[in-house]
Amino acid sequence: MTVTSLPSGSPVPRRPLTRRLLATLAAVALAIGLAAPAAAVAETPSPSPSAGAAPPTLAAAPAANGILRPGETFAVLATLTNPGTSSIPSASATLSIGSTPLADDASLTRWLSGDASGVTLQQIATGTLDATAPSAQTSVSFTVPGTDPGLAGRAPGVYPVLAQTAGGVSLKAPTVVVIPADGALTPLAVVVPITAAPRTKGLLTASELAELTAVDGPLSAQLDAVDGSAATLAVDPAIPAAIRALGSSAPPTAVAWLQRLLALPNDRFALQFGDADLAAQIRSGLTTPLAPTSLQTYLSAADFTKPGPAALSTPSPSPTAAPGQPTYPDLATLLDIGPADQNVFWPATGSVDGAVVASLGALGTAEAPARVLVASSNLSARPSTASFAVDGVSTPVYDAEVSSALTAAAGENDTARRGASLAAASGHLALARTGSSDRPVLAVLDRGTDRSRVSLRAVLGAVASAPGYISSTLAAVANTPAAAVTLGDPTADASRAADVSALTSDEGEIDRFATILAQPELLTGRERAEVLQVLNVAWTGDAARTAVADHRAATQKTLDSVGILSSDFRLVSSSAPLRPWVRNDLPWPISVVLRAQTNDVRLRVQANTSVEAQASANTRLEVPVQARVANGEVVVAMQLFSPTGEPIGARQSVQVEVRAEWESIGLIAIIVLVVVFLGVGVLRTIARRRRTRAAASPLEVSEPPTPDPHDDQENPA
């Protein structure tokens, strides 16, 4: 048989050609795939080539999304994947089809999972798979003419199809083919999420947005896929908020992406910020889901002092700021996703119970009643329509089987894998029409990442061209008459409710801690945004636990970012100041009060000292102290408080060694020294004068007397 790859999973256009020409075109389309390496076809991702112990797999994907109209050629591509380290020899391959159609979704699910009980098969084609080298794939294409006795005359339905090998390795690959039925068209609505990958930071950064909104970025792929479709968009408001928060510094591709989103005519509703898990919040005891409080911490004045692009401007007039002063958008403007349905809630698949519906339903209004999307697998019985109500709350029900298959197809970037998933989706859609023909069907593409433009387009194209269906919207489905329904037990992870309780408890500590800021919302708004991102429904299992643990560690680091730096102190006088430091690792200045007290009456300390600490710096302050006795060792306890009285950081104690008598001793010693020096100086001066006088006296005695001339006249010789 011809070794080739499967044609694109997008719908096959129907032209007014003869059946023979259609069959020829199908075979040619299969043969074209020889130009590209064969892709693995598997219902689960291919094992890593390095995993030598992984067994080989075989999967089969029918052409045309598994839709086979009477008289058309039936084409199936079977691919063998060898992840091992040894070659697999060539093997014969066969293709068989069930003699009767599958009865319902349960039998279809069992068949695709490998349970062939109750199924009778008829072989319709054979082929050969070449030897498969290690870490390689080999494909074989089966083509069966529409006139083949195994296909001709079959009634509409979903038929089991099996590709299997024999010889080198024995493998089986179940799939289905749908022979569509005529009848009235059934409304089909699909909800597509517009989301980014889960994260722990509050908003996407400029570099992340530039990557996501690039031509080949995931966010661009999402808009490319929904553009021109009737899909209802579920938009994470954190994405437009991240773009608007950057102001004039927003990447041009992100601005263009936002303008394009706002211009799309599709119906839409807003997910919770960060697509946070609604059910987990309700189960944690919250009566109202968390919502962002402020995004001011993400706004830079430099980005809002000049006009930005039109997509970033406020939708309503705002007060004109003074020249050179920034004009910030308010929270509602940052979160705007365009005209949207209000009070629509989409909890994680399978997580809904009566309490969740009741709490979310209470958030609705008379003008915009609440609507809670629920998976059909979450109901106690198989639904008969997509419009339901639980205790009076509107609960549009999406088909879990169809949604699961479409979600799997959207996540497959390989054409063959995508084709296999689309065939399963076609089977479930066909079975969904077996009831009333006017019963609407609702499907969703569940949250996911790494969806290519081609995959998303193929999925939405398959939905739009599904035989027997006509495109509709979520609003149209929800507005049809609703039937009462009972919810079954949820399958949600119970630990998520505990995570919510822990995160909200930490958030309460941040709220108290933030009172040291002139604008507490800079810190509290950031904390709320990050909590919502950590609660993203895409975080599951170990990844969810890691995200929560990392965020709680970061929160504790924030709470420890302000503290006291000090050491033991020796007081050598009766009064002197203690000079501790206030450490502030936050990027904003803070106002705190240092309260000090001693454990001993021997030392008096100023009780309160106000401090204005600079951002990202250590600020020194002086705390006056006074000794009441001569000496001793005293412990001084110090604690920072916010202006509202909230304790900040850890309490710290320092040992103060008081040696106040040293001051008196020092003064006495100085006085004595001064007196001694003065006395010595006086004595030396007196001694010097005495020595001077003593040295001068002999000169005065030895000098002869001066004769008197009158004596000579009175006594002549």
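Nothing here was measured: the structure is a model prediction, and the numbers come from that model.
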Side-chain donor-acceptor contact under 3.5 Å, [X] with [Y]:
| X | Y | value |
| --- | --- | --- |
| S113 | D115 | no |
| H428 | D399 | no |
| D446 | T349 | yes |
| Q272 | Q281 | yes |
| S404 | T407 | no |
| S455 | R418 | yes |

Is there a donor-acceptor pair closer than 3.5 Å between any side-chain N or O of [X] and the backbone N or O of [Y]?
| X | Y | value |
| --- | --- | --- |
| S376 | A400 | yes |
| S351 | P347 | no |
| R371 | P396 | no |
| R433 | A184 | yes |
| S426 | N65 | yes |
| S501 | A497 | yes |
| D353 | P490 | no |
| E412 | A409 | no |
| Q342 | A340 | yes |
| D236 | G274 | yes |

Supply the atom-to-atom distance [X] [atom1] to [Y] [atom2], rounded to the nearest 0.5 angstrom.
| X | Y | atom1 | atom2 | value |
| --- | --- | --- | --- | --- |
| T213 | L261 | OG1 | CG | 12.0 Å |
| L188 | L442 | CG | CG | 8.5 Å |
| L80 | S139 | CG | OG | 8.5 Å |
| N378 | L373 | CG | CG | 11.5 Å |
| N343 | L360 | CG | CG | 10.0 Å |
| T109 | W111 | OG1 | CH2 | 13.5 Å |

### Query
Does the distance from a Lys or Arg side-chain N to an Asp or Glu carboxylate O, for R545 and D499, drop under 4.0 Å?
no
Closest non-hydrogen atom pair between [X] and [Y], with its separation:
| X | Y | answer |
| --- | --- | --- |
| F74 | V161 | CZ-CG2, 4.0 Å |
| T473 | A230 | CG2-O, 4.0 Å |
| L108 | A424 | CD2-O, 4.3 Å |
| Q533 | A238 | NE2-CB, 3.8 Å |
| A475 | D341 | CB-OD2, 4.0 Å |
| S229 | N266 | O-ND2, 3.0 Å |

### Among L445, L429, V444, the one residue meeting side chain to side chain contact (heavy atoms under 4.5 Å, CB included) with L406
L445
### Query
More than 12 heavy atoms of other residues, nucleotides or ligands under 6.0 Å from CD of E211: is that the case?
no
### Query
Counting only heavy atoms not in D391, do more than 12 sit closer than 6.0 Å to its CG atom?
no
[X] vs [Y] side-chain heavy atoms within contact, under 4.5 Å:
| X | Y | result |
| --- | --- | --- |
| D336 | P240 | no |
| L258 | L262 | yes |
| V352 | F345 | no |
| P56 | L171 | yes |
| I179 | R69 | no |
| S96 | I124 | no |
| L460 | V192 | yes |
| L102 | P160 | yes |

### Task
Scan residues 261-278 for pairs that pass salt bridge (Lys or Arg N to Asp or Glu O under 4.0 Å), counting only residues two or more places apart or in two chains.
D275-R447
### Task
Before giving the answer on side-chain contact (heavy atoms from CB on, under 4.5 Å), spell out for T94 and F142 the whole-Å C-alpha distance, their side-chain angles and the decisive distance to 0.1 Å.
CA-CA 9 Å; T94 60; F142 301 98; 5.7 Å; no
### Task
Decide yes or no on side-chain contact (heavy atoms from CB on, under 4.5 Å) for V158 and V176, but give the supporting numbers first.
CA-CA 7 Å; V158 180; V176 294; 4.0 Å; yes
### Task
Begin from the C-alpha positions of L204 and R199 and carry the test side-chain contact (heavy atoms from CB on, under 4.5 Å) through to its verdict.
CA-CA 8 Å; L204 293 162; R199 53 186 291 102; 3.5 Å; yes
### Query
Does R154 make a cation-pi contact with Y159, if we ask for NZ or CZ under 6.0 Å from the ring centre and within 45° of the axis?
yes
### Query
Run the side-chain contact (heavy atoms from CB on, under 4.5 Å) check on L219 and Q222 step by step: do they pass?
CA-CA 5 Å; L219 289 180; Q222 293 174 17; 3.9 Å; yes
### Query
Which is it for R110 and D105 under the salt bridge (Lys or Arg N to Asp or Glu O under 4.0 Å) test, yes or no, and what are the steps along the way?
CA-CA 9 Å; R110 287 195 301 270; D105 281 300; over 6 Å; no
### Task
Start with the C-alpha distance between D216 and R453, add both sets of side-chain angles, then the distance that settles salt bridge (Lys or Arg N to Asp or Glu O under 4.0 Å), and finish with yes or no.
CA-CA 8 Å; D216 57 348; R453 182 178 289 98; over 6 Å; no
